[in-house]
Chemist: 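One structure is given below, represented as structure tokens, and several questions about it will come after.
Along the sequence shown, residues carry numbers from 1. Order of appearance sets the numbers: ligands from 1, and atoms from 1 within every ligand.
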Amino acid sequence: MATYEKLTVPASGTAIRFEGGQPIVPNDPIIPFIRGDGTGVDIWPATQRVLDAAVAKAYGGERRIEWFKVYAGDEACELYGTYQYLPQDTLTAIEQYGVAIKGPLTTPIGGGIRSLNVALRQIFDLYCCVRPCRYYDGTPSPHKRPQDLDVVVYRENTEDIYMGIEWEATDPVCLELIAHLNDTVIPANGKLGNRRIPAGAGIGIKPVSKAGTQRHVRKAIRHALGLEGAKRHVTLVHKGNIMKFTEGAFRDWGYELATTEFRDQCITERESWILGNLEEKPGLSIEDNARLIEPGYDSLTPEKKAAVDAEVKAVIDAIGASHGDGKWKAMVMVDDRIADSIFQQIQTRPQEYSVLCTLNLNGDYISDAAAAVVGGLGMAPGANIGDNAAIFEATHGTAPKHAGLDRINPGSVILSGVMMLEYMGWQEAADLITAGISAAIANKEVTYDLARLMEPRSEAVSCSGFAEAVVRHFGG
Ligand SMILES: NC(=O)C1=CN([C@@H]2O[C@H](COP(=O)(O)OP(=O)(O)OC[C@H]3O[C@@H](n4cnc5c(N)ncnc54)[C@H](OP(=O)(O)O)[C@@H]3O)[C@@H](O)[C@H]2O)C=CC1
Ligand SMILES: O=C(O)CCC(=O)C(=O)O
Ligand SMILES: [Mg+2]
């Protein structure tokens with residue numbers, strides 16, 4: 001039995017345990033929660049109110065959540081002492097109970113502590129950050145057709161520059177590292193010419209591993225396998241043209257996984273072109289097929305032409321029988337897009353995308369951008385999922401200027417709670433909340449962020465008022 005310095009475990013309730021990466025959920029799970037900094041004081045109570053009411057209504061007392069208050073951020077320092085931002089008690093509780101939910105936590109810019117949010121993801125190896133972005137009818141949006149965007153951002157959560165391995169420009173270790181790189185490592189590479197890291201630079205390291213990439217892509221593909229029609233689609237989003245051995249490798253390792261472990265269930269975009277061309281023109285030669293899939297084929301060098309020809313032949317030989325004759329159309333399509341391009345495409349051609357599988361930093365940016373399309377950060381939920389734990393949290397931060405005013409939109413944390421209920425298999429309670437949110441919005445009972453976008457502008461309800469509206473509208 002775990003011991004706690006300052007926490008009191010709920011008198012009743014049972015721990016969720018994990019088997020083979022899946023949660024085994026009792027009827028009375030103990031769930032640790034972190035209130036959060038800034039607007040956490042507003043959005044957490046609103047969320048708890050909605051989750052409890054939904055569980056009570058859905059299961060009539062047969063199931064209930066036993067909330068276990070744990071501390072992080074400013075609140076933790078008040079209870080545990082200065083600089084105790086992430087006490088061991090909190091880590092022990094999350095480890096013991098497995099599924100937790102949190103409000104946002106402040107991270108200072110530049111110096112000061114490193115992100116507690118990122119630390120929690122790393123400590124519990126929550127390698128997938130899952131952030132769905134879909135439109136709720138009636139939500140005002142700056143976009144003409146926000147309903148066309150329905151994507152899930154799968155953001156790798158433990159690697160990339162978010163690992164926080166970096167050195168300040170004035171740190172003697174940084175100076176030593178730069179000297180070593182400039183004098184030994186860069187010249188030894190042979191391809192870096194006379195490039196030098198400028199004096200006075202800070203240094204950050206961007207690790208991206210094959211194992212880290214593939215366990216993440218695996219979850220993204222499994223997610224797509226549960227979808228239907230054109231939504232069975234995973235896009236590997238990267239900046240591999242510039243960062244070839246990190247972002248480019250992410251793409252390559254993603255395709256490798258799709259075409260080995262998921263070979264029977266996946267088709268890549270290029271493979272689909274090759275098989276599609278053959279279906280349209282059954283006698284098509286290898287060379288003509290190659291010409292159709294490779295823009296500028298006729299201007300390529302003989303070696304490059306031969307490589308495209310070989311690719312076409314290899315695809316037809318390997319999967320022509322298993323995936324051809326249109327069978328590939330029912331499979332998960334795996335393609336890739338360069339990250340800057342995806343930012344414009346989710347605005348100009350949102351209906352073409354479904355699961356956006358990204359590295360850590362790209363996913364951070366894209367999840368905020370996608371949220372903006374469907375009405376802003378007030379409706380942007382998220383989950384951090386690993387094999388032995390999961391922590392649910394909104395995409396947004398602490399929004400400090402709104403803290404304590406009972407006006408911020410609690411929708412993102414409430415929807416993160418919906419994701420938690422779904423993860424636990426409590427779909428009936430989750431559905432009540434989704435219906436309640438949809439109806440509250442349709443009824444224009446919304447917080448300031450959505451009210452100011454409504455035309456005509458509507459009267460805003462408070463944060464707690466929105467929670468009450470959601471509960472009132474559980475029936476839809
Ligand atoms: N996972 C986490 O805990 C995260 C923590 N952070 C941290 O939060 C702090 C503040 O970050 P900041 O850059 O200001 O970003 P925030 O996401 O906290 O807020 C930026 C703006 O987004 C809008 N917004 C945010 N949340 C909501 C909401 N629930 N409802 C409606 N609108 C919302 C508000 O816009 P407006 O005022 O125009 O209405 C707000 O001023 C930083 O310390 C940052 O590191 C940031 C992201 C995630
Ligand atoms: O941890 C933080 O302060 C910011 C994290 C963030 O922006 C995110 O997870 O989306
Ligand atoms: Mg972010």
Chemist: How far apart are the closest heavy atoms of D37 and E75, and which atoms are they?
Modeler: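 For D37 and E75, the tightest heavy-atom pair comes out as OD1-N, 4.3 Å.
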
Chemist: Taking the non-hydrogen atoms of R452, is any one of them nearer than 4.0 angstrom to ligand 1?
Modeler: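 Distance cut 4.0 Å: R452 passes for ligand 1.
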
Chemist: For the residue pair H238 and N362, what are the closest heavy atoms and their distance?
Modeler: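 Smallest interatomic distance, heavy atoms only, reads CA-ND2, 4.1 Å.
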
Chemist: Is the closest protein non-hydrogen atom to atom 32 (N) of ligand 1 under 4.0 Å?
Modeler: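 Under 4.0 Å from atom 32 (N) of ligand 1, at least one protein heavy atom found.
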
Chemist: Under 4.0 Å from a heavy atom of T107: give me the atoms of ligand 2 that qualify, with their elements.
Modeler: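 That gives atoms 1 (O), 2 (C), 3 (O) of ligand 2.
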
Chemist: If you take all heavy atoms of A76 and Q84, which pair is closest and at what distance?
Modeler: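 That closest heavy-atom pairing would be CB-O, 3.2 Å.
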
Chemist: Please work out, at 4.0 Å between heavy atoms, whether the side chain, the backbone, both, or neither of T398 comes within that distance of ligand 1.
Modeler: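 It is both backbone and side chain that touch ligand 1.
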
Chemist: V334 and L236: side chain to side chain contact (heavy atoms under 4.5 Å, CB included), yes or no, with the steps?
Modeler: CA-CA 7 Å; V334 180; L236 302 165; 4.0 Å; yes

Chemist: Looking only at distances, can you tell me whether any N or O atom of Y448, backbone or side chain, sits closer than 3.5 Å to an N or O atom of ligand 1?
Modeler: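 N/O-N/O distance under 3.5 Å: yes.
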
Chemist: Taking the six-membered ring for Trp, is the centroid-to-centroid distance between Y423 and F392 below 6.0 Å?
Modeler: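 Ring centres of F392 and Y423 closer than 6.0 Å.
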
Chemist: Do ligand 1 and A399 have nitrogen or oxygen atoms that lie under 3.5 Å from each other?
Modeler: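 Yes.
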
Chemist: Is any NZ, NE, NH1 or NH2 atom of the basic residue among E393 and K102 found under 4.0 Å from an Asp or Glu carboxylate oxygen of the other?
Modeler: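 Yes, this pair counts.
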
Chemist: Salt-bridged, E459 to K444, with N to O below 4.0 Å?
Modeler: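 Salt bridge: no.
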
Chemist: Can you list the ligand 1 atoms lying under 4.0 Å from a non-hydrogen atom of N409?
Modeler: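 Checking each atom against N409, I get 28 (C), 29 (N), 30 (N), 31 (C).
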
Chemist: Counting each atom of ligand 2 from 1 as listed, which ones have a heavy atom of N117 under 4.0 Å away?
Modeler: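 Every atom of ligand 2 under 4.0 Å from some heavy atom of N117: 1 (O), 2 (C), 3 (O).
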
Chemist: Looking at ligand 1, does T447 have a heavy atom less than 4.0 Å from it?
Modeler: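 Not so, T447 does not reach ligand 1.
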
Chemist: Has ligand 1 got any nitrogen or oxygen that is less than 3.5 angstrom from a nitrogen or oxygen of L105?
Modeler: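 For ligand 1, there is an N or O atom that lies under 3.5 Å from one belonging to L105.
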
Chemist: Is atom 47 (C) of ligand 1 near the protein, in the sense that some protein heavy atom lies at less than 4.0 Å from it?
Modeler: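 So far as the 4.0 Å threshold goes, atom 47 (C) of ligand 1 is in reach of a protein heavy atom.
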
Chemist: Need the ligand 1 atom indices (1-based, order shown) with element for anything under 4.0 Å from a heavy-atom of H402.
Modeler: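 Near H402, the atoms of ligand 1 are 36 (P), 37 (O), 39 (O), 41 (O).
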
Chemist: Side chain or backbone, does T106 bring an N or O within less than 3.5 Å of an N or O on ligand 1?
Modeler: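 No.
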
Chemist: Give, for atom CG of D160 and atom CD1 of I165, the distance between the pair rounded to the nearest 0.5 Å.
Modeler: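 Going from CG on D160 over to CD1 on I165, the span is 11.0 Å.
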
Chemist: Please check atom 13 (O) of ligand 1 for a protein heavy-atom neighbour under 4.0 Å.
Modeler: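 No, there is no protein heavy atom closer to it than 4.0 Å.
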
Chemist: Mark up the atoms of ligand 1 that fall under 4.0 Å of a heavy atom belonging to P104, in ascending order.
Modeler: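 Listed by number with element: 3 (O).
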
Chemist: Can you list the ligand 1 atoms lying under 4.0 Å from a non-hydrogen atom of K102?
Modeler: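 Listed by number with element: 3 (O).
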
Chemist: Charged N to carboxylate O below 4.0 Å: is that the case for E428 and K57?
Modeler: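 No.
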
Chemist: How far is atom 1 (O) of ligand 2 from its nearest protein heavy atom, and which residue and atom name does that atom have?
Modeler: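 For atom 1 (O) of ligand 2, the nearest protein heavy atom is S115 OG, 2.5 Å.
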
Chemist: If we count only non-hydrogen protein atoms and require a distance under 4.0 Å, does atom 21 (C) of ligand 1 qualify as touching the protein?
Modeler: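 So far as the 4.0 Å threshold goes, atom 21 (C) of ligand 1 is out of reach of every protein heavy atom.
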
Chemist: For atom 9 (O) of ligand 2, what is the closest protein heavy atom, and at what distance to 0.1 Å?
Modeler: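 Result: R121 NH2, 2.8 Å.
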
Chemist: Atoms of ligand 1 less than 4.0 Å from D449 heavy atoms?
Modeler: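 Those of ligand 1 that fall under 4.0 Å from D449 are 30 (N), 31 (C).
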
Chemist: Determine, for K219 against E156, whether the closest basic-nitrogen to carboxylate-oxygen distance falls under 4.0 angstrom.
Modeler: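 Between E156 and K219 there is no salt bridge, as every charged N stays at least 4.0 Å from the carboxylate O atoms.
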
Chemist: Find all atoms of ligand 1 within a distance of less than 4.0 Å from any non-hydrogen atom belonging to K401, and give their numbers and elements.
Modeler: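 Going through ligand 1 atom by atom, the ones under 4.0 Å from K401 are 37 (O), 41 (O).
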
Chemist: Determine whether the side chain, the backbone, both or neither of T395 has a heavy atom under 4.0 Å from any heavy atom of ligand 1.
Modeler: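 For T395, only backbone atoms sit under 4.0 Å from ligand 1.
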
Chemist: Should you measure from each heavy atom of R155, which atoms of ligand 2 turn up under 4.0 Å away?
Modeler: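 Answer for ligand 2: 8 (C), 9 (O), 10 (O).
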
Chemist: For atom 25 (C) of ligand 1, what's the nearest protein heavy atom and its distance?
Modeler: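 Ranked first by proximity to atom 25 (C) of ligand 1 is H396 CB, 3.7 Å.
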
Chemist: Flag G397 as yes when one of its N or O atoms lies below 3.5 Å from any N or O atom of ligand 1, and as no otherwise.
Modeler: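 It does: an N or O of G397 is found under 3.5 Å from an N or O of ligand 1.
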
Chemist: Considering only NZ, NE, NH1 and NH2 on the basic side and carboxylate oxygens on the acidic side, decide whether E455 and R457 come within less than 4.0 Å.
Modeler: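 Between R457 and E455 there is no salt bridge, as every charged N stays at least 4.0 Å from the carboxylate O atoms.
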
Chemist: Between Y255 and F250, is the ring centroid distance below 6.0 Å?
Modeler: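 So the answer is no for these two rings.
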
Chemist: Would R121 count as a contact of ligand 1 if the rule is a heavy atom under 4.0 Å away?
Modeler: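 Checking ligand 1 against R121, which is what was asked, there is a heavy-atom contact under 4.0 Å.
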
Chemist: Do K206 and E166 meet the salt-bridge criterion of a basic N to acidic O distance under 4.0 Å?
Modeler: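 Answer for the salt bridge query: no.
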
Chemist: Kindly say whether the aromatic ring centers of F68 and F33 come within a distance under 6.0 Å.
Modeler: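 Ring-ring flag for F68/F33: false, centres at least 6.0 Å apart.
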
Chemist: Between I433 and A54, which heavy-atom pair has the shortest distance, and what is it?
Modeler: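 Closest pair (atom of I433, atom of A54, distance): CG1-CB, 3.4 Å.
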
Chemist: How close does the nearest protein non-hydrogen atom get to atom 7 (O) of ligand 2, and which residue and atom is it?
Modeler: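 Checking every protein heavy atom, the shortest distance to atom 7 (O) of ligand 2 gives D364 OD1, 3.2 Å.
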
